[in-house]
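A short write-up of the structure that comes next.
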There are 2 protein chains.
Amino acid sequence: MASSRWIEHVYETLAAAGLNRSSARDRVIEVLSGQDCALSAAEIEHRLRAAGRPTARATIYRALDLLVEHGLVERVIVGEGQARFEPLEPGGHHHHHLVCVQCGRLVAFDDPGLERAIDDLSDRLGVTVDSHEVLLHGACDRCEATA
Amino acid sequence: MASSRWIEHVYETLAAAGLNRSSARDRVIEVLSGQDCALSAAEIEHRLRAAGRPTARATIYRALDLLVEHGLVERVIVGEGQARFEPLEPGGHHHHHLVCVQCGRLVAFDDPGLERAIDDLSDRLGVTVDSHEVLLHGACDRCEATA
DNA sequence: CACCATAATGAGACTGAGACTCATTCTCAC
DNA sequence: GTGAGAATGAGTCTCAGTCTCATTATGGTG
Ligand SMILES: [Zn+2]
Ligand SMILES: [Zn+2]
Ligand SMILES: [Zn+2]
Ligand SMILES: [Zn+2]
C-alpha cells in the first residue's frame with residue numbers, strides 16, 4: 001500500500017504547486033493510495049465506476065499526468081500497449097518489475113546492487129541520469145516452482 | 001550497422017525454421033541490417049517507400065513479429081507510444097538506451113557492470129530471468145555540454 | 001514445365017489507448 | 001456572494017498496431 005503517508009505527501013506537493021483542490025482528482029489519488037503496485041488508467045476508471053463515482057477518462061488521464069509531472073506517480077510500461085501508474089514513495093525509494101512469461105503476472109522486486117550499478121553509470125558514460133526503468137522477463141517464483 | 005553477418009544469421013535462422021523466402025520480408029530485413037540502433041515500423045515503411053519499394057504496413061509488422069519471435073530483433077519501447085525494432089546480434093551481445101529529456105535523442109550505451117548486476121538478480125530474487133530491458137532518462141553528452 | 005497446396009502480400013477496415021475540445025461546473029480569494 | 005480562473009465531462013479525434021480476405025508468390029511433385 002502506498003499508505004496515508006503517500007496521500008499526505010501528494011496533497012502537500014500539489015498545494016505547494018498552487019493547485020486547486022478537486023474532488024475528481026482526489027478520487028484518483030485515493031484509488032492509487034490503496035495500491036502498492038502499478039494500476040492502469042482503465043483499471044482506475046473501472047474501480048471508480050464500481051465505487052459509484054464514475055469519472056471521465058480525460059479527467060483520469062489529466063490527474064495521472066499531473067501526478068507524474070510532480071514526481072508523485074511513475075508511469076510504468078510493461079509492453080502490453082498500455083501504461084500503468086504506480087505511486088512513488090517520497091525519498092526516491094522504488095522498485096522494478098518482472099513480467100512472468102508464463103502466467104503474465106507482474107512481480108515487483110527491489111535490489112540495491114542493481115540500483116548501485118545504475119547510479120554508477122552517470123560517471124562511466126558521461127551522461128546525467130535522472131531516472132531509470134528496468135524490466136525483466138522470465139519465470140516468477142510461482143511458475144519456477146511448478147516447472 | 002547490424003552488418004552482413006547479421007543478415008546471414010537471419011536467413012539461416014528463418015530457413016532452419018522452415019519458412020519460405022519472401023521478397024517483402026527480405027526488404028524489411030535489409031533495411032534493418034543497415035541500422036545499428038532501433039527503428040520504428042513507420043520509419044521502415046517510409047524508407048521502403050522512399051526506395052521505390054512500397055510495402056504494406058501489415059506486412060512490415062508481420063515481418064517484425066516474426067523476427068522478434070525468432071530472437072533476431074528486439075522490440076524496444078522508449079515511451080513515446082510507438083515501438084522500435086533493433087537488430088539483435090547472435091551471441092546475446094546487446095546495448096541499452098538513454099532518452100535525452102532535452103533533445104529527445106536516443107543514445108545507445110553498453111555497460112558490463114550493469115549486465116553483471118542484472119545477471120546476478122536471478123539468484124538473489126529466486127526467479128529465472130530470460131531477458132531484460134533498461135531505459136535511462138537524462139541528459140545526453142551533447143546536451144550535458146551545452147548546459 | 002504445369003499443377004497444386006500452402007505461405008505471404010496488400011488494401012483497407014477495425015480496435016483501443018490516449019489526446020483534444022469546448023461548453024458547463026467547481027474553487028477560492030476578495 | 002461574485003467573478004476569474006481552474007477543473008470536469010461527454011464526446012470526438014488520432015494514430016499505432018491488428019485483422020480480414022481476396023489476390024499473388026513460393027516451392028515441391030509428377
Ligand atoms: Zn510496482
Ligand atoms: Zn531502480
Ligand atoms: Zn539501440
Ligand atoms: Zn540530448
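Chain letters run A, B, ... following the sequence lines, proteins first and then strands; every chain starts at 1.
- When each of Glu115(B), Glu74(B), Glu86(B) is checked for a side-chain hydrogen bond (donor to acceptor under 3.5 Å, both in side chains) with His94(B), only Glu115(B) meets the rule.
- A donor-acceptor pair is defined here as one N or O able to donate and one able to accept, closer than 3.5 Å; such a pair exists between the side chain of Thr55(B) and the backbone of Arg53(B).
- The number of heavy-atom neighbours closer than 6.0 Å to CZ of Arg105(B), taken from other residues, nucleotides and ligands shown, is above 12.
- Following rounding to the nearest Å, Asp65(B) (CG) and dA8(C) (P) show an atom-to-atom distance of 13 Å.
- Between Ile60(A) atom CD1 and dC20(C) atom P the separation is 17 Å, expressed in whole Å.
- For the pair Tyr61(A) and dG18(C), the criterion of a side-chain N or O lying under 4.0 Å from OP1 or OP2 is met.
- Using a 4.0 Å heavy-atom cutoff across all strands shown, Ala58(A) reaches at least one base atom of the nucleic acid.
- Taken together through direct or relayed side-chain contacts under 4.5 Å among Ile, Leu, Val, Met, Phe, Trp and Tyr, Val78(A) and Ile77(B) form parts of separate hydrophobic clusters.
- Within the 4.0 angstrom heavy-atom criterion, only backbone atoms of the sugar-phosphate kind lie near Ala83(B); the bases stay farther away.
- The distance from the CG atom of Leu106(A) to the CD atom of Glu80(A) is 8.0 Å, given to the nearest 0.5 Å.
- Counting non-hydrogen atoms under 4.0 angstrom, Thr55(A) reaches the backbone sugars and phosphates but no base.
- Here dA7(C) presents its C1' atom at 11 Å from CZ of Arg62(B), a figure rounded to the nearest Å.
- Within the 4.0 angstrom heavy-atom criterion, base atoms lie near Thr59(A).
- dA8(C) atom P lies 15 Å from atom CG of Leu64(B), rounded to whole Å.
- Between the side chain of Trp6(A) and the backbone N or O of Leu72(A) there is at least one donor-acceptor pair closer than 3.5 Å.
- A straight line from CZ of Arg53(B) to C1' of dT9(C) spans 16 Å, rounded to a whole angstrom.
- An OP1 or OP2 oxygen of dA8(C) is reached within less than 4.0 angstrom by no side-chain nitrogen or oxygen of Ser23(B).
- Within 4.0 Å (heavy atoms only), Arg25(B) reaches sugar-phosphate atoms of the nucleic acid but no base atom.
- A heavy atom lying under 4.0 Å from DNA chain D marks none of the residues of residues 74-82 of chain A.
- Checked by atom type and distance alone, the side chain of Arg25(A) pairs as donor or acceptor with a backbone atom of Asn20(A) at under 3.5 Å.
- With a heavy-atom cut-off of 4.0 Å to chain B, the contacted part of DNA chain D has its first and last nucleotide at dA16(D) to dG27(D).
- Whole-Å rounding puts the Glu43(A) CD to dG16(C) P distance at 16 Å.
- Counted by atom type alone, Glu89(B) and His9(B) present zero donor-acceptor pairs between their side chains at under 3.5 Å.
- Between Phe109(B) and His96(B), the ring planes lie tilted relative to each other; the angle falls in the 30° to 60° range.
- Atom pair Leu67(B):CG and dA8(C):P shows a separation of 12 Å (rounding to whole Å applied).
- Going from atom CZ of Arg21(A) over to atom P of dC28(C) covers 8 Å, rounded to whole Å.
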